[in-house]
K.L.:
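Structure incoming, see below.
Numbered from 1 within each chain, the chains take letters A, B, ... in sequence-line order.
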Amino acid sequence: MCRNRSLGLVGEFDRIADSLFSGFFPARAQRRPGVALNAWEEESRYCVEAEVPGLALEDLEISIEARELTFKGERKADESAKAHFHRRERGSGSFERTLRLPEGIDAEKIQANLEHGVLTIELPKAEALRPRRIEIRSRG
Amino acid sequence: MMAMNTQVCTVGNGNGHGLAERRAQRAVFVPRCDVAEHENEFSIHVELPGVRREGLSIEVDKGVLSLRGEVVEERAKRRGWIAREYGTGDFERRFRIGEGIDTEAIEAELVHGVLILRLPKRDSMKARRIEVREIE
């Protein structure tokens, strides 16, 4: 089994990703290792989150094109030449993952935040898709 | 058993990032780490994504360094999942620290979700350059 430890990347990941996101965020075939994602739905937005400990803003790149959201990242190996590793579980290297966004996302308002090694991408729903309270007027 | 020259060893639970246990509503994970030896110190890098300084506790007692990181409540109680490829919860890991480490001088720093611990060697453990005198 090929297991790439960097950033929680799993070599066998693509297959899993496809089935998880099928119908919703179908992932394209990946050339590079992906990164594990969590996604959830709130009333007015969808959120996608990835754990990327050790990465700074400049190590990440997020782009949107034709309803596809791509994010790339790279963790440089932070090794000083003289260090001798007794244990090595973290990895380094680059990843890339592309998600197909569901309909009704307000692409202009997508936001990404990186905080304490967690990247969160907020995808606001277009107004038309949000639940709306219908006001009831009474006459009389 | 700790090898003579290994002053920093992980305790229990094997490699990082497995689910260690589930307590009440929160899962506890074993974080991934690197342990490296340098000339004058050991360093431990521990991945603690989502842990802030106030949620982190580090303790050294009887030769064991224990660390616990709690993720913010909001992340632990999320609902409405569309995809869940990794678990979210607290982190815990322990390391056995040898006599050759100056425990009083251990330093910790949290950078982008990675805890960096520096464990200075005691003088007796440091490599020493032996000077050779030349007698004319």
K.L.:
Is any side-chain N of the basic residue among B/Arg75 and A/Glu51 closer than 4.0 Å to the acidic one's carboxylate O?
P.N.:
yes
K.L.:
Could you pull out the closest heavy-atom pair between A/Glu89 and B/Cys33, with the gap in Å?
P.N.:
OE1-N, 2.9 Å
K.L.:
Check whether B/Ile44 gets within reach of chain A through its side chain, its backbone, both or neither, counting any heavy atom under 4.5 Å.
P.N.:
neither
K.L.:
With chain B as the partner chain, list the residues of residues 103-111 of chain A whose heavy atoms fall under 4.5 Å from it, by residue number, and write 'none' if nothing qualifies.
P.N.:
none
K.L.:
Can you tell me if A/Asn38 uses its side chain to pair, donor with acceptor, with the backbone of B/Glu85 under 3.5 Å?
P.N.:
yes
K.L.:
Looking at every heavy atom in both B/Val114 and A/Arg90, which two are closest together, and how far apart are they?
P.N.:
CG2-NH2, 3.6 Å
K.L.:
Just say parallel, tilted or perpendicular for the rings of A/His86 and B/Phe42, cut-offs at 30° and 60°.
P.N.:
tilted
K.L.:
Using heavy-atom distances under 4.5 Å, tell me whether B/Arg52 contacts chain A through its side chain, its backbone, both, or neither.
P.N.:
both
K.L.:
Go through the atoms of B/Ser43 and report whether side chain, backbone, both or neither lie under 4.5 Å from a heavy atom of chain A.
P.N.:
neither
K.L.:
Using side-chain heavy atoms (C-beta onward) and a distance below 4.5 Å, is A/Phe85 in contact with B/Val35?
P.N.:
no
K.L.:
Given heavy-atom pairs under 4.5 angstrom as the criterion, report whether the side chain, backbone, both or neither of B/Arg79 touches chain A.
P.N.:
backbone
K.L.:
Heavy-atom distance under 4.5 Å to chain B: side chain of A/Glu49, backbone, both or neither?
P.N.:
both
K.L.:
Less than 4.5 Å apart, side chain to side chain, heavy atoms only: is that true for B/Thr10 and A/Arg87?
P.N.:
yes
